[in-house]
Amino acid sequence: MQVGFPEEDAKTCLNCGTSLVGHYCHSCGQSSHIHRTLGAWWHDFSHGVLHIEGQVWRTMAMLVTRPGELTRRYIAGERRRFLSPLALYLFSVFLLYVAYSVLGGFGTFHPPGTQDAAMELRAEVAKVDQRIVGIDRERTAAVATGRNTATLDAERAKLVEQKRSIDFTAMALGGGAETGSGHGEHQEQVITGWKSLDAKIAHAIRDPEFLLFKMEANGYKFSWALILLSMPFMRLFFLWKRGLAMFDHAVFVTYSLSFVSLLMVVMILWTKLAHLNGVALLMLAFPVHLFLQIRGAYHLGLISGLLMTLIVSVMAATVLLIWIIGLLALGMAH
């Protein structure tokens, strides 16, 4: 059997077999024009890249300048013109991960020298011990003369608790402090009463850089959780507004988080490559952008837009805190 090449204009779709009407398959969308030249290959490649780039740049431009209109138009059905919120979010998070990994974020983390820190804490414990001994002497004298010792007892209790906290930190750093018993034995410290959790806290204090590394890795993997955490809040805040679906809030949240990710990329480039100051001013772009997006996407007036911006900003801070606590728990879990 002779094996040939497909004709340039096939009668049926060579991808799905559907009879063709026109130059594109109405079933799968493939073109009827099939070719095998390098020039045609380059045409397809450049068309695909430019089409994708056009979609990306159009979406990003509107995300920065007209975020409310972008959100509203995508929800209304203009899906082919703009990059989907989730695709843009994944793209922006990837850029943030690359920028953070290559340039190191806004600042370089330097963990303290554990041995030096432990020695300083032991010296601090010694001072507290001396003060406790002094209070014990004062109390003995007060009892002998019949004076009230309530103030001395309260101060001693505070010092004992302070010593206990410092001693735990010193022990976690690898240099357990003296307990004051005179035998140099280490006292088992309890923070939460849960032994396994206390051990993980001690390990985190001993090696904070490793904990930070695991939080960064988990932050990239679980960045999508920010969307899921934010959506119920948005639903709750806009119960008063009719005609909204959870999909609408998902689009809003995802585009907003995409802008935040891109803003952080700009801030990293601003500080690491350009070596410029004014990062705090760049951070003001978030509430301004949030106001423009909320007002445009939800058709709000000036006052209601400002009020909802304040409410959503508090929600964003709460969601971020919950997310960071989750990352901390994951980082300490193993």
Side-chain angles (χ1 to χ4, degrees), residues 51-97 100 218-266 283 285-301 304-327 330:
H51 174 72
I52 294 174
E53 285 186 350
Q55 198 178 43
V56 170
W57 292 119
R58 184 186 305 113
T59 306
M60 291 179 64
M62 287 198 66
L63 179 66
V64 174
T65 59
R66 292 174 290 170
E69 181 181 345
L70 170 65
T71 305
R72 189 174 64 251
R73 288 172 64 176
Y74 188 87
I75 292 172
E78 294 186 44
R79 309 293 167 82
R80 294 295 299 271
R81 176 179 291 272
F82 304 112
L83 195 64
S84 72
L86 189 57
L88 181 60
Y89 180 62
L90 294 175
F91 174 70
S92 62
V93 169
F94 173 74
L95 287 182
L96 177 59
Y97 177 77
Y100 192 90
N218 288 326
Y220 177 68
K221 291 189 295 185
F222 294 99
S223 59
W224 50 266
L226 289 169
I227 301 174
L228 298 183
L229 289 171
S230 302
M231 285 167 52
F233 286 102
M234 295 299 296
R235 179 70 170 176
L236 178 64
F237 296 154
F238 284 94
L239 280 176
W240 56 274
K241 197 167 182 61
R242 295 175 178 271
L244 294 177
M246 187 63 82
F247 174 83
D248 304 348
H249 302 306
V251 172
F252 175 89
V253 168
T254 310
Y255 272 143
S256 181
L257 288 174
S258 299
F259 174 80
V260 173
S261 299
L262 294 173
L263 178 63
M264 292 181 68
V265 172
V266 172
M283 293 177 65
F286 170 67
V288 173
H289 182 272
L290 185 61
F291 168 74
L292 294 175
Q293 188 181 10
I294 285 180
R295 191 180 181 192
Y298 293 104
H299 299 282
L300 301 179
S304 57
L306 288 172
L307 179 61
M308 293 307 301
T309 299
L310 178 61
I311 294 174
V312 174
S313 297
V314 175
M315 177 272 291
T318 304
V319 166
L320 183 61
L321 180 60
I322 295 172
W323 185 69
I324 291 175
I325 292 174
L327 295 182
L330 286 173

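Predicted model only: the values in this text are computed from it and were never measured.
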Please answer whether the main-chain N or O of [Y] pairs with a side-chain N or O of [X] as donor and acceptor at a distance below 3.5 Å.
{"X": "Y100", "Y": "M264", "value": "no"}
{"X": "H249", "Y": "S230", "value": "no"}
{"X": "R72", "Y": "G296", "value": "yes"}

*asked:* If I compare all heavy atoms of M231 with all of A250, which pair ends up nearest, and what's the gap?
replied: SD-CB, 3.8 Å
*Quick one: closest heavy-atom pair of I75 and D248, and the distance?*
CG2-OD1, 3.2 Å
Residue pair [X] / [Y], side-chain heavy-atom distance below 4.5 Å:
{"X": "I294", "Y": "F252", "value": "yes"}
{"X": "Y298", "Y": "L244", "value": "yes"}
{"X": "L262", "Y": "V64", "value": "no"}

*Specify whether Y74 and Y255 have parallel, tilted or perpendicular ring planes, treating 30° as the upper limit for parallel and 60° as the lower limit for perpendicular.*
perpendicular
Rounded distance [0.5 Å steps], [atom1] in [X] versus [atom2] in [Y]:
{"X": "L86", "Y": "T254", "atom1": "CG", "atom2": "OG1", "answer": "6.5 Å"}
{"X": "R81", "Y": "R73", "atom1": "CZ", "atom2": "CZ", "answer": "5.5 Å"}
{"X": "L226", "Y": "I322", "atom1": "CG", "atom2": "CD1", "answer": "10.5 Å"}
{"X": "T309", "Y": "Q293", "atom1": "OG1", "atom2": "CD", "answer": "10.0 Å"}
{"X": "I227", "Y": "S258", "atom1": "CD1", "atom2": "OG", "answer": "7.0 Å"}
{"X": "M315", "Y": "L236", "atom1": "CE", "atom2": "CG", "answer": "10.0 Å"}

*asked:* F238 vs L300, test: side-chain contact (heavy atoms from CB on, under 4.5 Å). Steps then yes/no.
replied: CA-CA 11 Å; F238 284 94; L300 301 179; 4.2 Å; yes
*Give a yes or no on this: more than 12 heavy atoms of other residues, nucleotides or ligands lie within 6.0 Å of atom CZ of F222.*
yes
*asked:* Are there over 12 heavy-atom neighbours, none belonging to Y97, within less than 6.0 Å of that residue's OH?
replied: no
